[in-house]
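Down below is the structure, laid out as structure tokens.
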Amino acid sequence: MAEENSQSDILSEENGAKEVPILVEGIADLSLSPQKEEDDGKEVTKKKKKKSKSKKKKGPIEQTDPPSIPVLDLYPSGDFPEGEIQQYKDDNLWRTTSEEKRELERLHKPIYNSVRRAAEVHRQVRKYMKSIIKPGMLMTDLCETLENTVRKLISEDGLQAGIAFPTGCSLNWVAAHWTPNSGDKTVLQYDDVMKLDFGTHVDGHIVDCAFTVAFNPMFDPLLEASREATYTGIKEAGIDVRLCDIGAAIQEVMESYEVEINGKTYQVKSIRNLNGHSIGSYQIHAGKSVPIVKGGEQTKMEEGEFYAIETFGSTGKGYVREDLECSHYMKNFDVGHMPLRLPRAKQLLATINKNFSTLAFCRRYLDRLGETKYLMALKNLCDAGIVQPYPPLCDVKGSYVSQFEHTILLRPTCKEVISKGDDY
């Protein structure tokens, strides 16, 4: 800031300086008549008024119905809503106020923001789907409506942003990994129990989240069992928590429920060979499993990890096996270069690498990319161990399975349920 001159300094400068001639002529010409000053003043005021009108603040953009505006446009600041924050248990409460842990979170903010963007897309898409799903819908139409909405809202961009895995819409005794292949004519019925499991990702940071749809209220206790069991798993999860302890807590809640279906009472069972899992970058199953029954791994959860906490409640045996026609596939995460004899298999692998990399895909996605007559090539990739098939997982025929799932992040200071929404 410049210093102000004193009056004495100014006088001394005037005494020492040469006289400057003052031009008197023309001064009258420079002055404005009172009328002109008034007119110019009015003009300036008008201009100001015009400017102020054009600078009127616009309100926040609202999502359309059906949703069509990308979440990037709804949040122009680039900051997306946090999930539900839960504190760690007593032995980790110190983390909440640790400056060191807070600094770690500041460093990871870009990753958090990417996964929150994916979660906001998930919330908006599932809200819309819940409003339109009804008996009589063709399952293929249901999946394509959901997936096209995800593509719009997430601003699909190759492997940078898009769908993380095929839409699972498994019915009744099918617990997971079923989506219609092209030409499938399955129709959703009033007495169906459908698990709607879909994923979104931004920069490979995946949100894996699922819920169950049932129109007949007799299934409500079955849905409540898996929803409350999932909430229990989330509550128990935390840094240094053993995975087996989470499984035991989940099973206790799940199996405290009974459901009466068509006059017969069933105890709800946790499906013992299905698990939650850790999530890595472009890797939906990153190596650790979160059991939903007691007696699982002693392995501990660690700071910074992402987990899908999911539970499956069944009126059947509580054990699944592979059955029905396969629709889900995924390139093995750790596979290196492997020689292929069939040119068609090489060509198909190039398509998979370009469009999915190590993210899961289904036959409908290959059809959409214009691939035809690829089943032999796909089998060849599976036989070579490059691609892994994931057939539907089924309990006994005639039983019913429900599922709820959320993605959580074990932040250095707290636990964030990334995918939590107003709905569940």
Side-chain angles (χ1 to χ4, degrees), residues 65-67 122-150 166-181 184-199 208-231 253-254 256-271 274 310-316 318 320 323-324 327 392-406 419-424:
D65 185 19
H122 201 288
R123 279 188 288 270
Q124 293 196 18
V125 172
R126 73 187 191 230
K127 181 184 177 183
Y128 172 59
M129 292 308 297
K130 284 181 175 186
S131 73
I132 65 164
I133 292 172
K134 58 185 183 296
M137 286 186 83
L138 197 64
M139 299 300 279
T140 302
D141 292 345
L142 188 154
C143 290
E144 289 182 353
T145 299
L146 186 152
E147 289 159 359
N148 287 333
T149 308
V150 169
T167 304
C169 50
S170 308
L171 298 173
N172 305 325
W173 64 88
V174 184
H177 298 170
W178 186 87
T179 199
N181 287 322
D184 191 293
K185 300 297 182 190
T186 305
V187 171
L188 186 61
Q189 305 294 332
Y190 176 76
D191 283 327
D192 281 339
V193 175
M194 176 177 68
K195 282 68 65 185
L196 201 56
D197 187 350
F198 69 99
D208 184 0
C209 183
F211 60 98
T212 300
V213 175
F215 307 104
N216 192 328
M218 75 176 172
F219 295 113
D220 288 353
L222 177 63
L223 272 61
E224 189 183 341
S226 52
R227 184 169 52 241
E228 292 306 314
T230 296
Y231 290 159
V253 171
M254 182 79 81
S256 67
Y257 281 84
E258 289 182 341
V259 55
E260 187 180 316
I261 299 171
N262 299 323
K264 191 175 178 183
T265 302
Y266 301 86
Q267 183 193 11
V268 181
K269 296 175 184 172
S270 275
I271 297 180
L274 287 179
E310 59 183 320
T311 70
F312 296 84
S314 175
T315 63
V320 292
D323 196 9
L324 307 177
S327 56
L393 300 169
C394 307
D395 204 328
V396 291
K397 194 170 181 178
S399 63
Y400 295 93
V401 176
S402 70
Q403 173 202 15
F404 279 86
E405 175 181 27
H406 273 303
S419 51
K420 192 81 170 73
D422 296 334
D423 49 352
Y424 68 96

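Position 1 is the first residue of the sequence, and the numbers go up from there.
A donor-acceptor distance shorter than 3.5 angstrom exists from the side chain of His122 to the backbone of Cys209, with no hydrogens or angles considered. Here the side chain of Asn216 pairs a donor or acceptor atom with the backbone of Met218 at under 3.5 angstrom. For the pair Asn172 (side chain) and Tyr400 (backbone), a donor-acceptor distance under 3.5 Å is absent.
Contact annotation: the side chain of Lys185 never approaches that of Val187 to less than 4.5 Å [non-hydrogen atoms, C-beta and beyond]. Considering only heavy atoms from C-beta on, Val320 stays 4.5 Å or farther from Val401 through its side chain. Pro180 places a side-chain heavy atom less than 4.5 Å from the side chain of Cys169. With a 4.5 Å cut-off on side-chain heavy atoms, Leu393 and Ile271 do not count as touching. Val125 has its side chain within reach of Leu146: a pair of non-hydrogen atoms, C-beta onward, lies under 4.5 Å apart.
Aromatic ring pairs are classed by plane angle as parallel below 30°, tilted from 30° to 60° and perpendicular above 60°; the pair Tyr231 and His406 is parallel. Between Phe211 and Tyr424, the ring planes are tilted. Angles from 30° to 60° get that label.
Counting all heavy atoms, side chain and backbone alike, Leu223 lies closest to Ser226 at O-OG, 3.2 Å. The shortest heavy-atom contact between Pro221 and Tyr257 is O-CD2, 3.8 Å. For Ser327 against His177, the heavy-atom pair with the smallest separation is OG-O, 3.7 Å.
To the nearest 0.5 Å, the span separating CD on Glu310 from CG on Leu274 amounts to 7.5 Å. Rounded to the nearest 0.5 Å, atoms CG (Asn262) and CG (Asp191) are 7.0 Å apart. The line from SG of Cys394 to CG of Leu324 is 4.5 Å long, rounded to the nearest 0.5 Å. Going from atom CG of Leu222 over to atom CD of Glu260 covers 13.5 Å, rounded to the nearest 0.5 Å. Of the inter-residue distances, the one linking Thr315 atom OG1 with Lys269 atom NZ reads 9.0 Å to the nearest 0.5 angstrom. Of the inter-residue distances, the one linking Thr149 atom OG1 with Met129 atom CE reads 6.5 Å to the nearest 0.5 angstrom.
Identified under the side-chain hydrogen bond (donor to acceptor under 3.5 Å, both in side chains) test for residues 132-146, with sequence neighbours left out: none.
Geometric assessment of Lys195 against the ring of Phe312 yields a negative cation-pi assignment under the 6.0 Å and 45° thresholds.
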As a quick check of understanding, evaluate side chain to side chain contact (heavy atoms under 4.5 Å, CB included) for Asp323 and Trp173, giving each step before the final call.
CA-CA 11 Å; Asp323 196 9; Trp173 64 88; 5.7 Å; no

Any chance you could lay out the side chain to side chain donor-acceptor pair (under 3.5 Å) test for Thr212 and Ser402, step after step, and finish with the verdict?
CA-CA 6 Å; Thr212 300; Ser402 70; 4.8 Å; no

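Side-chain contact of Thr311 with Thr230: a donor-acceptor pair under 3.5 Å is present, judged by distance alone.
When the salt bridge (Lys or Arg N to Asp or Glu O under 4.0 Å) test is applied to Glu147, the partners found at least two apart in sequence or on another chain are Arg364.
Residue Asp423 forms a side chain to side chain donor-acceptor pair (under 3.5 Å) with just one option from Arg126, Lys127, Arg123, and that option is Arg126. Checking each of Asp208, Val150, Thr179 against Phe198 for a side chain to side chain contact (heavy atoms under 4.5 Å, CB included) leaves exactly one that passes, namely Val150.
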